[in-house]
Participant: 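Below is one structure. I have some questions about it.
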Amino acid sequence: MSEPKELSAEQYDRVIEAMKNIIDPEIGVNIVDLGLVYGLQESEDGALLINMTLTSAGCPLTDVIEEQTGDALDGVVEAFRINWVWMPPWGPEKITEDGREMMRAIGFSI
């Protein structure tokens, strides 16, 4: 079994741009700027492997995020799998500056 490989810069950018359309239903900010996407790789079968976390391990919205991911990546990649990871745990320090601005715009004090 071979190791997953890194995406090309072009593939990575296309996937990240598409994933900015996936909005965390609880917070209202996209999952990229929230810092929930920990890594993107290509698996040995050619599928996109997304290492992703949620703001809390008990989040009931994994199905919603998975459905939105499928919609966002339709036409961008042939197939994908989400690998839910909990280490390191997500924290507000992972939010990008754009994410912080979006959160302030909708009323979060961050």
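Sequence positions, counted from 1, serve as the residue numbers for this chain.
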Participant: Any chance you could measure L54, atom CG, to D24, atom CG, to the nearest 0.5 Å?
Facilitator: 7.5 Å
Participant: Only distances under 3.5 Å count here; give the side-chain donor-acceptor pairs of residues 28-38 to other protein atoms, sequence neighbours excluded, each with its distance to 0.1 Å.
Facilitator:
residue : atom : partner : partner atom : Å
N30     : OD1  : V32     : N            : 3.0
N30     : OD1  : D33     : N            : 2.7
N30     : ND2  : D33     : OD2          : 2.9
D33     : OD1  : T96     : OG1          : 2.7
Y38     : OH   : P88     : O            : 2.7
Y38     : OH   : W90     : N            : 3.4

Participant: Can you list the residues that meet the side chain to side chain donor-acceptor pair (under 3.5 Å) rule with R100, with sequence neighbours excluded?
Facilitator: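 Expected list: none.
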Participant: Got a second to check how far D74's CG is from T69's OG1, nearest 0.5 Å?
Facilitator: 12.0 Å
Participant: Can you run down the salt bridge (charged side-chain N to carboxylate O under 4.0 Å, His left out) pairs that involve residues 46-69, sequence neighbours left out, and say none if there aren't any?
Facilitator: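 Passing the test, one end in residues 46-69: no pairs.
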Participant: Do D45 and E78 touch side chain to side chain, with heavy atoms closer than 4.5 Å?
Facilitator: no
Participant: Listed by chain and number, what are the side chain to side chain donor-acceptor pair (under 3.5 Å) partners of E26, not counting sequence neighbours?
Facilitator: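 Once residues adjacent in sequence are excluded, E26 has no partner under the side chain to side chain donor-acceptor pair (under 3.5 Å) criterion.
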Participant: State plainly whether one hydrophobic cluster holds both M19 and L61, where clusters connect Ile, Leu, Val, Met, Phe, Trp and Tyr through side-chain heavy atoms under 4.5 angstrom apart.
Facilitator: no
Participant: Atom CD1 of I65 and atom OG1 of T53: how far apart are they, to the nearest 0.5 Å?
Facilitator: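 Interatomic distance, I65 CD1 to T53 OG1, rounded to 0.5 Å: 11.0 Å.
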Participant: Can you name the side-chain contact (heavy atoms from CB on, under 4.5 Å) partners of S8, sequence neighbours left out?
Facilitator: E10, Q11
Participant: For D98 and K20, run salt bridge (Lys or Arg N to Asp or Glu O under 4.0 Å): C-alpha distance rounded to whole Å, both residues' side-chain angles, the deciding distance at 0.1 Å, then the answer.
Facilitator: CA-CA 11 Å; D98 284 349; K20 285 185 178 181; 5.2 Å; no
Participant: Measuring from Q41:CD to K5:NZ, what's the distance to the nearest 0.5 Å?
Facilitator: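 That separation rounds to 11.5 Å.
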Participant: Does E17 pair with R14 as a salt bridge, N-O distance under 4.0 Å?
Facilitator: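 Salt bridge: no.
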Participant: So which heavy atom on I95 is nearest to which on M103, and how close?
Facilitator: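 Shortest heavy-atom contact: CD1-SD, 3.6 Å.
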Participant: Using every non-hydrogen atom in the two residues, find where I106 and I27 come nearest and quote the distance to one decimal.
Facilitator: CD1-O, 3.1 Å
Participant: For E97, check side chain to side chain donor-acceptor pair (under 3.5 Å) against everything at least two apart and list the hits.
Facilitator: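 Here the qualifying residues are R104.
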Participant: Donor-acceptor pair, E42 side chain versus P4 backbone, under 3.5 Å?
Facilitator: no
Participant: Flag yes if I110 and I23 sit in one hydrophobic cluster, no otherwise; membership is Ile, Leu, Val, Met, Phe, Trp, Tyr, and two members link when side-chain heavy atoms are under 4.5 Å apart.
Facilitator: no
Participant: Applying the 4.5 Å side-chain criterion to the ILVMFWY set and letting contacts propagate, would F80 and L49 be lumped into a single cluster?
Facilitator: no
Participant: When you group the ILVMFWY residues by side-chain heavy-atom contacts below 4.5 Å and let the links chain together, are I50 and V64 in the same group?
Facilitator: no
Participant: Same hydrophobic cluster for I82 and I16, using side-chain heavy-atom links shorter than 4.5 Å among ILVMFWY?
Facilitator: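 In one cluster: yes.
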Participant: For residues P89 and K94, report the shortest heavy-atom separation together with the two atoms involved.
Facilitator: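 Closest heavy-atom pair between P89 and K94: O-CE, 3.6 Å.
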